[in-house]
There are 2 protein chains.
Amino acid sequence: MNETKRTRVGSAEIASLIRRDIKSGELSPKERLPPERVLAENYQVARGTVREALNKLAEESLVEIRAGSGTYVTFDPSESADNVILSARPLELIDARFALEPHICRLAVLHARPNDLEEMESLLQTMENSVNDPAMFSSADTAFHSVLAETTNNNLLIWIVSQINSVRSQKEWSKMRRVILNPDTINLYNQQHRAIFTAISQREPELAAASMKEHLESARLSLTRSAST
Amino acid sequence: MNETKRTRVGSAEIASLIRRDIKSGELSPKERLPPERVLAENYQVARGTVREALNKLAEESLVEIRAGSGTYVTFDPSESADNVILSARPLELIDARFALEPHICRLAVLHARPNDLEEMESLLQTMENSVNDPAMFSSADTAFHSVLAETTNNNLLIWIVSQINSVRSQKEWSKMRRVILNPDTINLYNQQHRAIFTAISQREPELAAASMKEHLESARLSLTRSAST
DNA sequence: CCCAATTGGCTTAGTATTGGATTTAAAAGA
DNA sequence: TCTTTTAAATCCAATACTAAGCCAATTGGG
């Protein structure tokens, strides 16, 4: 199938190329594509082929074709953001945190300053005093993970984590917290948070990352257990 | 030699240019744009075309047009959510990718289906044929990392990666790409991409993650090297 | 306070560009 | 061979752009 690469360039291939540029943001919303005749020239195909490709993209609502005017990008990758965040499922969230937070711990070890550590210590104490107050624990927990991100001094990571945290403050999630956050679980989490904090203050990046992984593993376990009941 | 028939520069193009300058902060809030007649001269179009472009921007609330006075920027990028993304610095981006992409590789190993692998293979071939075409390489490279994210089936991760990719399509970055992406570097990246792909097809999560880390390490090196020159 | 200069608002007629659609021929694939 | 797809060349219809002029609102200097 892919052996004969050179000869056959069909409308499907053209469509894929353009689709990729739109979805990756290389072509921004409202932007006008070059005229069909020029695209045909660029891709070295006939105009009819380009036309077919553009019509496919129009059916996918990626572009809008206006006769006499041009073809315009109508897909905004950043607009689908709210939907993604609102509809994120618990296990998706845990996987995303698995990707992010261990490495955040490593970076936190590199960048942590005394007042970062003080803030973490203060939040740890709040959580340790909230064994019977799930709501309080939960807000301090979120803050703790935010501080970890802020400690990296990486605005991109800080922003990503804040986006992820906004998922957790959804309505549906607070229900779930009430089920999961019993005193035993809170105690477990407190121990794990403490382990992460200790690893960071002792400047041990891999230990910090490993502790975070263990913590997230527990969180995943809590989730699957609560889902099965 | 005048075979090059310029494609029409229309109101959509003018609007895109000005919109980009506004959103990137090149034009500050409250600042007055040059008069329509001057803009028309600068862009080498008729005044009516400039007018249409400005009216579009006014509908998007990016500018305010006051008859007899002028056209004023009414959009403040620092108050926009996209701000973090627009102002992300190269090393921040690499750190974020260090956090995300190795784990994405692990998840990709778990979820990869035959047509995911086919798509990766096709992009690898595109990149391998683009040793002397940085723009094409870059677009396929972005797509490759996007496909990795899509393979996880995790919408949250897919969205995060797409946000990160949108950073890379910024103006400043395309300059940097031209400096970094010489044939040697592209060949190196191609080898590394191939290694990642092989690890995924052979279902070796840790090998895939390690290959990705190596790839990102190279990317970081290219960045620091280009920054120091 | 008024006048003159500047700036956006708007109209018109003529021209150019662009997508829409059809036809014929050639090439690729079943 | 027959079917489908692509190429190439037209012509058409919709839309946008140019150019030029005049009006209306605003601004700032005298």
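Reminder, nothing fancy here: chain letters follow the sequence lines and each chain counts from 1.
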**Student:** Respond yes when some side-chain nitrogen or oxygen of A/T49 is under 4.0 Å from OP1 or OP2 of D/dA7, and no when none is.
**Tutor:**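 Answer yes for this pair, as a side-chain N or O of A/T49 is under 4.0 Å from OP1 or OP2.
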**Student:** Which residues satisfy the side chain to side chain donor-acceptor pair (under 3.5 Å) test with A/R47, sequence neighbours excluded?
**Tutor:**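 Checked A/R47 against side chain to side chain donor-acceptor pair (under 3.5 Å); matches are A/E36.
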**Student:** Taking five pairs at each end, how big is the angle between the two axes of the helix from C/dC1-D/dG30 to C/dA30-D/dT1, to 10°?
**Tutor:**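 That helix has its two terminal axes inclined by roughly 40°.
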**Student:** Please list, chain by chain and in numerical order, all residues satisfying salt bridge (Lys or Arg N to Asp or Glu O under 4.0 Å) with B/E31, sequence neighbours excluded.
**Tutor:** none
**Student:** Whole angstroms only, please: what is the CD-P distance between A/Q44 and D/dT6?
**Tutor:** 16 Å
**Student:** Excluding sequence neighbours, so at least two apart, what forms salt bridge (Lys or Arg N to Asp or Glu O under 4.0 Å) with A/E119?
**Tutor:** none
**Student:** Please identify each residue that fulfils side chain to side chain donor-acceptor pair (under 3.5 Å) with A/S162, with sequence neighbours left out.
**Tutor:** none
**Student:** Using a strict threshold of under 4.0 Å (side-chain N to carboxylate O), is an ion pair present between A/R220 and A/D95?
**Tutor:** yes
**Student:** Return the set of residues passing side chain to side chain donor-acceptor pair (under 3.5 Å) with B/K56 (not counting sequence neighbours), or none when no residue passes.
**Tutor:** B/S11
**Student:** Find the distance B/L39:CG to D/dT18:P and express it as a whole number of Å.
**Tutor:**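 Between P of D/dT18 and CG of B/L39: 13 Å.
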**Student:** Between the protein and nucleotides 18-22 of chain C, which nitrogen or oxygen pairs are less than 3.5 angstrom apart?
**Tutor:**
{"unit_1": "C/dT18", "atom_1": "OP1", "unit_2": "B/R8", "atom_2": "N", "d": "3.2"}
{"unit_1": "C/dG19", "atom_1": "OP2", "unit_2": "A/E36", "atom_2": "N", "d": "2.9"}
{"unit_1": "C/dG19", "atom_1": "O4'", "unit_2": "A/G68", "atom_2": "N", "d": "3.3"}
{"unit_1": "C/dG19", "atom_1": "N7", "unit_2": "A/R37", "atom_2": "NH1", "d": "2.9"}
{"unit_1": "C/dG19", "atom_1": "N7", "unit_2": "A/R47", "atom_2": "NH2", "d": "3.2"}
{"unit_1": "C/dG19", "atom_1": "O6", "unit_2": "A/R37", "atom_2": "NH2", "d": "2.9"}
{"unit_1": "C/dG20", "atom_1": "OP2", "unit_2": "A/R51", "atom_2": "NH2", "d": "2.5"}
{"unit_1": "C/dG20", "atom_1": "O5'", "unit_2": "A/R51", "atom_2": "NH2", "d": "2.9"}
{"unit_1": "C/dG20", "atom_1": "N7", "unit_2": "A/R47", "atom_2": "NH2", "d": "2.9"}
{"unit_1": "C/dG20", "atom_1": "O6", "unit_2": "A/R47", "atom_2": "NH1", "d": "3.1"}

**Student:** Could I get the full list of side chain to side chain donor-acceptor pair (under 3.5 Å) partners for B/S130, not counting sequence neighbours?
**Tutor:**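 By the side chain to side chain donor-acceptor pair (under 3.5 Å) rule, B/S130 matches no residue at all.
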**Student:** Heavy atoms under 4.0 Å, any strand shown: does A/G48 hit a base, just sugar-phosphate, or nothing?
**Tutor:** nothing
**Student:** B/F75: what forms a ring-ring contact (aromatic ring centres under 6.0 Å, His included) with it, not counting sequence neighbours?
**Tutor:**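 Not a single residue meets the ring-ring contact (aromatic ring centres under 6.0 Å, His included) criterion with B/F75.
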